[in-house]
Amino acid sequence: MNETLDKLYKNPDNKNIEENFQFILFGGTGDLAHNKIIPAFYNLAAKDILPNQYTIIATGRRYDNKKEYLDALYNSLVNKKGKIDNRIWQQLADHIDYFQLSFKDNNDFKRLKNNLENKAKKAKISDRIFYLATAPNFFAEIAKKLKSFGLLDVALENNKARLVIEKPFGHDFKSAKKLNDTLTNIFSEENIFRIDHYLGKEMIQNIMVIRLSNPIFRALWNKDHIDNIQIYLNESEGVKDRGKYYDDAGVIKDMFQNHILQVLSLIAMEEPENLTAEEISNKKVEVFKELADNDLSNIDRHIVRGQYDSEQVNGEKINSYQEEKGIDPQSKTATFLALKLFLNNERWQGVPIYLKSGKRLNKKEAAIAIEFKDDFHSAYLDQKNIDNNLLLIKIQPEEGVSLRFNTRKPASNNKIIPVEMEFCQSCQQFFNSPENYEGLIYDMIAGDKTLFTSWEEVCYSWKFIDKIQAKCEEENITLHKYPALSLGPDAADKLLETDGRSWLDKD
């Protein structure tokens, strides 16, 4: 690859960060830091995007000194990538510091303030980012101490300190509101960045482009032309070491409240007047408000709950959910959920929207399927089994877009067959899809909140999820068992068969 092409693929938009920053990473010794955050910084460094003066200050208690920490990060990078450029690593490592800190120790926060102040004397700091890669129960406590010990504005111009928090943001609406009230007393909403890492995926970011820059889709994006919408996020793995968290959250809080509803909002929202973060968020909020107002009186006919059971696969036993580490052996937590809903507005009234996600399914796959109506010319009505047009946005493992349309079968008497026109983004030569956190970290440093969730989005999504949870408990909705590494409960297929449709991930 020549030098120009190499540069194009590394940094196609020449998105360099000019202003110096301090990035304080609470939970710097955890899995998220090792597997996502530091690898994302490595990628940004490899693309020559980062400024000359910046500091990543990782806090934790696991390591005794900076050398031990850097050695551990290096080993994690090698394990993740297989091979790294030691020159790039050294450039990054020169900007990383390690600070031993306990969230409970006030003196540690005083020492951290002095540390930030001393580092700021060496280079003018324009931005300071506090990233909470910790357990959610520490979010409020850390934020309060940042304020009480004066870490927000020390040696910082214009008080541009930002707070970044990982999901989950609360475990229901009440807890989410309590946390938000605490945080907004310390940081402005403008400076709070709530991460939903799904929004960092390449094809999720592509939804707006596909919708708005293609007249053939823009004109048809409504109830008059679309028969149904399906969003499915299938996982083949079990709960692994997340048993304690997952048994409380279940699939509805782990996948629906954030990832699936965020994707749905981008598909279903009205067209924004512009592409600013505020305008896009406002349009998404309209969708979440409609969801929160949804009539759930017939929830028993519109929802399927499931939990994976044990199964023998190639002579090896796959544990049931109730046999997993950290799970109550009598747990009734759903690991699978299929949901049918409607949006009662002019654009989507009457169009069924099918949402599905589950663990221990037969394959890992995430996609958005837009199936168009069978509005064929009367001359072709005598032909049986003509497929509807289908737009498929593939999120993972393959990234791309396919469009199914009908054409004449060669050398036939006008027999119609479906064909697919496909763009595989992840198949392109030289293309290395940016990792989710690479774009998210770049945007949080740049102050762009487009890929982050606002409080109103979180608020109304929780109200919707809380209503579903309450209804399921009130009506004692059946929990179907399904074999591990299967397609899921048979009842999920019947949910669509009743409407004369089928899940498109089975085609």
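For clarity, every value in this text was computed on a predicted model and none was experimentally measured.
Between S175 and D172, the side chains place a donor N or O and an acceptor N or O closer than 3.5 Å (distance only, hydrogens not considered). For the 3.5 Å distance criterion, the side chains of Q396 and K201 qualify, holding a donor opposite an acceptor. Between the side chains of K80 and N35, no donor-acceptor pair of N or O atoms lies under 3.5 Å.
In this structure F21 satisfies the ring-ring contact (aromatic ring centres under 6.0 Å, His included) test together with Y54, sequence neighbours excluded. K284 is linked by a side chain to side chain donor-acceptor pair (under 3.5 Å) to Q262, E457, counting only residues two or more places apart in sequence or in another chain. Looking at residues two or more places apart in sequence or on another chain, you find a side chain to side chain donor-acceptor pair (under 3.5 Å) between K340 and D499. In this view, F103 and F138 satisfy the ring-ring contact (aromatic ring centres under 6.0 Å, His included) rule, not counting sequence neighbours. In this structure, K110 has no salt bridge (charged side-chain N to carboxylate O under 4.0 Å, His left out) partners at least two apart in sequence or on a different chain. Remark: F342 pairs with no residue by the ring-ring contact (aromatic ring centres under 6.0 Å, His included) rule, at least two apart or across chains. Applying the ring-ring contact (aromatic ring centres under 6.0 Å, His included) criterion to H197, with sequence neighbours excluded, gives H259. Listed by chain and number, the residues in a salt bridge (charged side-chain N to carboxylate O under 4.0 Å, His left out) with K167 are D254 (sequence neighbours excluded). When the side chain to side chain donor-acceptor pair (under 3.5 Å) test is applied to Y308, the partners found at least two apart in sequence or on another chain are E324. Applying the side chain to side chain contact (heavy atoms under 4.5 Å, CB included) rule to E279 yields the partners P272, E273, N274, T276, N282, K283; only residues at least two apart in sequence or on another chain are considered. Residues passing the side chain to side chain donor-acceptor pair (under 3.5 Å) test with N344, sequence neighbours excluded: Q349.
Using a 4.0 Å cut-off between a side-chain N of Lys or Arg and a carboxylate O of Asp or Glu, K289 and D293 do not qualify as a salt bridge. Residues E237 and R360 are not paired through a salt bridge, judged by the lack of any N-O separation under 4.0 Å between the basic side chain and the carboxylate.
Judged by the 6.0 Å distance and 45° axis criteria, R194 is not positioned over the aromatic ring of F452.
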Under 3.5 Å, sequence neighbours excluded: what are the donor-acceptor pairs made by side chains of residues 472-481?
none

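The aromatic rings of Y131 and F23 sit tilted relative to each other, their planes meeting at an angle between 30° and 60°. Ring geometry for Y69 against Y63 counts as tilted: the plane angle lies between 30° and 60°, on a 0 to 90° scale.
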